[in-house]
*Asks:* 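Sharing a structure with you now.
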Amino acid sequence: MMVLGSGKLCEAPYSMTVDWTRWYIFWTDERAVAKNHADSNYKTTKERFLSKVPILNSHVYSINDNVTVEDAAGEYEFAIRQLVKLRKLGVSESNDCPKFDLIILSMGPDGHVASLFPDHPALRVKDEWVTFITDSPEPPPERITFTLPVINSASNVAVVVTGEDKATAARAAVSGKCERTDCSSLFPARMVWPIDGTLAWFLDKPAASDLGNAEH
């Protein structure tokens, strides 16, 4: 299960009634910086969520920040493959990718999700579960990311979008499944389409302000 953090889950009754021992936490993408760095995804999630709920430390999977980003991606994929081997994590019958219960994504103004940016080669990686980039158009430049086949193998995918600067991309992303061969040059969020799962979009009013102009 992938969790970006939720204030409600840290409050009663959830904080006391959820069986946290069954939770496994992963990052769909992670910035290759030290865990105490201001840009660290791990640091943010630790402060806002993990420190407030009793999830087992051994069930929290973050990248190794003491190796190169390429090695970090390799180690991360190996850890996931071990969980599949131990049957702690299921596998999609469609493509043999890991089948996460839930993947939560945000979307950038350019339509990127995870660290899959428009017209980036990482969008076309299909034989790996985790890949890495060294040229992110947003700082920091080095990141690891789940590949699209892994994202689209999840049982549930939620895309959370906030802010008026995302309105144009949101309209393009929700206008339908992307069938075009040049999809990667448009909005990567349109390529999120679970094979055997559920896709849900959660937008605030500013992000949804252009939806009246979407094509259905």
Side-chain angles (χ1 to χ4, degrees), residues 1-93 95-106 113-116 128-132 143-160 192 194 196-200 202:
M1 181 176 285
M2 165 64 190
V3 173
L4 297 182
S6 171
K8 289 290 185 181
L9 286 173
C10 301
E11 302 172 357
Y14 307 108
S15 59
M16 302 299 294
T17 58
V18 169
D19 184 357
W20 298 105
T21 64
R22 300 181 62 184
W23 283 53
Y24 288 76
I25 305 297
F26 302 85
W27 277 256
T28 302
D29 68 314
E30 196 167 355
R31 299 163 180 171
V33 296
K35 286 184 170 55
N36 60 355
H37 194 282
D39 290 334
S40 171
N41 307 79
Y42 175 86
K43 174 181 170 66
T44 301
T45 308
K46 178 75 172 178
E47 292 175 349
R48 297 181 182 180
F49 180 63
L50 295 176
S51 63
K52 299 178 181 181
V53 293
I55 296 174
L56 299 174
N57 289 334
S58 60
H59 288 187
V60 178
Y61 289 83
S62 180
I63 64 170
N64 183 352
D65 58 343
N66 294 313
V67 298
T68 66
V69 65
E70 181 176 6
D71 288 342
E75 290 182 11
Y76 203 57
E77 179 167 329
F78 178 79
I80 296 172
R81 288 187 179 276
Q82 289 300 106
L83 288 174
V84 168
K85 185 177 180 180
L86 294 171
R87 298 187 178 182
K88 299 292 185 181
L89 180 60
V91 176
S92 169
E93 295 181 358
N95 59 10
D96 292 329
C97 283
K99 192 172 185 68
F100 291 94
D101 294 327
L102 171 66
I103 288 182
I104 302 176
L105 302 171
S106 59
V113 291
S115 282
L116 300 170
E128 299 174 2
W129 294 354
V130 180
T131 191
F132 68 96
R143 302 159 179 241
I144 66 96
T145 182
F146 283 177
T147 58
L148 272 171
V150 170
I151 292 173
N152 285 331
S153 296
S155 295
N156 299 277
V157 179
V159 186
V160 181
V192 176
D196 298 307
T198 300
L199 173 64
F202 298 88

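Here the structure is a predicted model, which is why all the values come from computation and not from measurement.
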*Asks:* Using modelled atom types only, decide if a donor and an acceptor are shared between the side chain of Thr145 and the backbone of Ser115 within a distance under 3.5 Å.
*Replies:* yes
*Asks:* Can you name the nearest heavy-atom pair linking Asn41 to Arg31, along with the distance?
*Replies:* OD1-N, 2.7 Å
*Asks:* How many angstroms lie between atom CG of Asn66 and atom CG of Asp71, to the nearest 0.5 angstrom?
*Replies:* 11.5 Å
*Asks:* Which atom pair, heavy atoms only, marks the closest approach of Leu199 to Val192?
*Replies:* CD2-O, 3.6 Å
*Asks:* For Ile104 and Thr28, work out which heavy atoms get closest and say how close.
*Replies:* O-OG1, 4.1 Å
*Asks:* List the steps, then state whether side chain to side chain contact (heavy atoms under 4.5 Å, CB included) holds for Val157 with Leu105.
*Replies:* CA-CA 7 Å; Val157 179; Leu105 302 171; 3.9 Å; yes
*Asks:* Working to the nearest 0.5 Å, report the span between CG of Leu116 and CZ of Arg143.
*Replies:* 11.0 Å
*Asks:* Stepwise, does the side-chain hydrogen bond (donor to acceptor under 3.5 Å, both in side chains) test hold for Asn95 with Ser92?
*Replies:* CA-CA 6 Å; Asn95 59 10; Ser92 169; 3.3 Å; yes
*Asks:* Testing the basics here: between Ala73 and Phe132, what is the closest heavy-atom pair and its distance to 0.1 Å?
*Replies:* CB-CB, 4.0 Å
*Asks:* Ignoring hydrogens and angles, tell me if any N or O in the side chain of Asp29 forms a donor-acceptor pair with the backbone of Ile144 under 3.5 Å.
*Replies:* no
*Asks:* Could you check Phe146 against Phe100 for ring-ring contact (aromatic ring centres under 6.0 Å, His included), going step by step and ending with a plain yes or no?
*Replies:* CA-CA 11 Å; Phe146 283 177; Phe100 291 94; 5.2 Å; yes
*Asks:* Where do Lys35 and Asp65 come nearest, in terms of heavy atoms and distance?
*Replies:* N-OD2, 3.0 Å
*Asks:* Listed by chain and number, what are the ring-ring contact (aromatic ring centres under 6.0 Å, His included) partners of Tyr61, not counting sequence neighbours?
*Replies:* Phe26
*Asks:* Does the side chain to side chain contact (heavy atoms under 4.5 Å, CB included) test come out yes or no for Asp196 and Lys99, once each step is laid out?
*Replies:* CA-CA 10 Å; Asp196 298 307; Lys99 192 172 185 68; 4.1 Å; yes
*Asks:* Determine whether Pro98 and Val150 make a side-chain contact, defined as any pair of heavy atoms from C-beta on separated by less than 4.5 Å.
*Replies:* yes
*Asks:* Minimum heavy-atom separation for Cys97 and Pro149, please, with both atom names.
*Replies:* SG-CB, 3.8 Å
*Asks:* Quick one: pull up CH2 in Trp23 and NE2 in His59 and give me the separation to the nearest 0.5 Å.
*Replies:* 13.5 Å
*Asks:* Let me have the donor-acceptor pairs involving side chains of residues 51-58, under 3.5 Å, with sequence neighbours excluded, atom names and distances please.
*Replies:*
from: Ser51; atom 1: OG; to: Lys46; atom 2: O; distance (Å): 2.9
from: Ser51; atom 1: OG; to: Glu47; atom 2: O; distance (Å): 3.3

*Asks:* Among residues at least two apart in sequence or on other chains, which ones pass salt bridge (charged side-chain N to carboxylate O under 4.0 Å, His left out) with Glu75?
*Replies:* none
*Asks:* Begin from the C-alpha positions of Phe78 and Val130 and carry the test side chain to side chain contact (heavy atoms under 4.5 Å, CB included) through to its verdict.
*Replies:* CA-CA 9 Å; Phe78 178 79; Val130 180; over 6 Å; no
*Asks:* I need the Ile63 CD1 to Glu30 CD distance, nearest 0.5 Å.
*Replies:* 4.0 Å
*Asks:* Does Arg22, at its CZ atom, have more than 12 non-hydrogen atoms belonging to other residues, nucleotides or ligands within less than 6.0 Å?
*Replies:* no
*Asks:* If we only count heavy atoms from C-beta on, is the Asp96 to Trp129 side-chain gap below 4.5 Å?
*Replies:* no
*Asks:* Would you compute the distance between atom CH2 of Trp20 and atom CD1 of Ile25 and round it to the nearest 0.5 angstrom?
*Replies:* 8.0 Å
*Asks:* Quick one: CG on Asn36 to NZ on Lys43, what's the gap to the nearest 0.5 Å?
*Replies:* 7.0 Å
*Asks:* Determine, step by step, whether Asn64 and Tyr76 satisfy the side chain to side chain contact (heavy atoms under 4.5 Å, CB included) criterion, reporting the C-alpha distance in whole Å, the side-chain angles of both residues, the deciding distance to 0.1 Å, and the verdict.
*Replies:* CA-CA 8 Å; Asn64 183 352; Tyr76 203 57; over 6 Å; no
